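All figures in this text were calculated on a predicted structure; none of them were measured in a lab.
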Amino acid sequence: NRKIVNLTDDATAGFKFIWTRNGEHIVYRAKVDTNNSIIKSVEVQSKEITNISSPNLDISLPQETAFGIIGYKTRGFTKRKPVLPNIPFTGGIFAYQQDDNIFVEVGKKVFQVTKGDGKYYLPEVSPDGTKVLYEEIATGIYISNIDGTDTVYIGRGNNPRWSPDSQYIIYDLSQDDGHIITCSELYISD
């Protein structure tokens, strides 16, 4: 049965959304107006939408920091909230971009993963919590331990995502003519 269902019409909902580990919710950041965004969750079966955050001027993309726990940055502070009220709260690991660098919070410890002249963005912690994946605007994709050690350059590419077992990443490599994408391929790397 090839039924396509629209889960939300919220502006910008499709960029870096999360499908929670239990498979029951899609969590995303949506624009409320020209200045404010909000973190929301949509239950896949019922299509019920729940606000996870309040609208805010400065709100990061959401991450699942632990099973059922959503993390995001707002006004410089890390917030963590469960997708459902009956999920036991655990802080988990949260990666974020600040001043063109990548940082990882583990409990009360903060590790600066990147340092230097690059413009690093869109970090994602591996499902097993041992590594962080991120991009640099000019050079491509990198993976580091969550404390910033053992950095590996993967190569050019965009939009990397972890496999559920943390053993692989998948990413796209596209070309454009300055106006439109003329070619795009998917790659997997261990």
Residue pair N36, N56: steps toward the side chain to side chain donor-acceptor pair (under 3.5 Å) verdict
CA-CA 5 Å; N36 296 292; N56 200 310; over 6 Å; no
Report the C-alpha distance between I143 and I154 in whole Å, list the side-chain angles of each, state the deciding distance to 0.1 Å, and finish with yes or no for side chain to side chain contact (heavy atoms under 4.5 Å, CB included).
CA-CA 7 Å; I143 296 174; I154 301 299; 3.9 Å; yes
Show, in sequence, the C-alpha distance, side-chain angles and deciding distance for L173 and Y187, and conclude whether the side chain to side chain contact (heavy atoms under 4.5 Å, CB included) test is met.
CA-CA 7 Å; L173 187 57; Y187 290 85; 3.7 Å; yes
Please report the C-alpha distance between T12 and Y28 in whole Å, then the side-chain angles of each, then the deciding distance to 0.1 Å, and finally whether the side chain to side chain donor-acceptor pair (under 3.5 Å) criterion is met.
CA-CA 8 Å; T12 71; Y28 58 95; over 6 Å; no
Steps toward side chain to side chain contact (heavy atoms under 4.5 Å, CB included) verdict (I188, I169)
CA-CA 6 Å; I188 192 165; I169 63 165; over 6 Å; no
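A salt bridge links D10 with K40: the distance from a Lys NZ or Arg NE/NH1/NH2 to an Asp or Glu carboxylate oxygen falls below 4.0 Å. A salt bridge links E64 with R21: the closest approach of a Lys/Arg side-chain nitrogen to an acidic carboxylate oxygen falls below 4.0 angstrom.
Rounded to the nearest 0.5 Å, atoms CD (Q98) and CZ (F103) are 5.5 Å apart. Between the CD1 atom in I39 and the OG atom in S60 there is a gap of 6.0 Å [rounded to 0.5 Å]. A distance of 15.0 Å separates CG of D100 from NZ of K115, quoted to the nearest 0.5 Å. The distance from atom CG of D172 to atom CG of L186, rounded to the nearest 0.5 Å, is 6.5 Å.
For the side chain to side chain contact (heavy atoms under 4.5 Å, CB included) criterion with H25, the lone passing option out of V42, V83, I52 is V83. Each of I102, I141, V125 was scored for a side chain to side chain contact (heavy atoms under 4.5 Å, CB included) with L133, with one residue passing: I141. When each of D147, V113, V110 is checked for a side chain to side chain contact (heavy atoms under 4.5 Å, CB included) with V104, only V113 meets the rule.
By the 4.5 Å heavy-atom criterion applied to side chains, R29 and K16 are not counted as neighbours. The closest side-chain heavy-atom distance from Q63 to I70 is not below 4.5 Å.
Between the T20 side chain and the G68 main chain, no donor and acceptor come within less than 3.5 Å of each other. A donor-acceptor pair under 3.5 Å is formed between the side chain of N6 and the backbone N or O of T8. Side chain of E136 to main chain of K119: a donor-acceptor pair is present (N/O by atom type, distance under 3.5 Å, no hydrogens or angles). With W162 contributing its side chain and S166 its backbone, the two residues share no donor-acceptor pair below 3.5 Å. The backbone N or O of D58 lies less than 3.5 Å from a partner atom in the side chain of T74, making a donor-acceptor pair. Side-chain atoms of T182 come within 3.5 Å of backbone atoms of Q175 as a donor-acceptor pair (strictly under, hydrogens ignored). Counting only distance, with no hydrogens or angles, the side chain of D177 and the backbone of I180 share a donor-acceptor pair below 3.5 Å. S184 contributes no side-chain N or O that, together with a main-chain N or O of S174, makes up a donor-acceptor pair within less than 3.5 Å. Side chain of Y153 to backbone of T139: a donor-acceptor contact under 3.5 angstrom is found. Formation of a donor-acceptor pair under 3.5 Å by the E43 side chain with backbone atoms of Q45 is found in this model.
Taking the ring axis of Y72 as reference, the NZ or CZ atom of K79 does not stay both within 45° of it and closer than 6.0 Å to the ring centre.
At a threshold of 4.5 Å between side-chain heavy atoms, the hydrophobic network of Ile, Leu, Val, Met, Phe, Trp and Tyr places Y171 and V152 in one connected group. Residues I137 and F15 are members of one and the same hydrophobic cluster, defined by side-chain heavy-atom contacts under 4.5 angstrom among Ile, Leu, Val, Met, Phe, Trp and Tyr. Residues V44 and I49 share a single hydrophobic cluster, defined by chaining ILVMFWY side chains whose heavy atoms lie under 4.5 Å apart. Follow the hydrophobic side-chain contacts under 4.5 Å out from Y134 and you reach V106 in the same cluster.
Taking each heavy atom of L7 and K47 in turn, the nearest pair found is CD2-CD, 3.4 Å. The minimum heavy-atom distance linking S163 with Q167 is given by the pair OG-N, 3.4 Å. When all heavy atoms of R80 and G71 are compared, the pair lying nearest together is CG-CA, 4.1 Å. Heavy-atom minimum distance, P127 versus P164: CB-O, 3.5 Å. Across every non-hydrogen atom of P160 and E135, the tightest pair is CD-OE2, 3.2 Å. In terms of heavy atoms, S54 sits closest to I59 at O-CD1, 4.2 Å.
A donor-acceptor pair shorter than 3.5 Å can be found between the side chains of T78 and E105. In summary, the side chains of N145 and D150 do present a donor paired with an acceptor at a separation below 3.5 Å, with no hydrogens or angles considered.
Classified by interplanar angle (parallel below 30°, tilted 30° to 60°, perpendicular above 60°), the ring pair Y142/Y120 is perpendicular.
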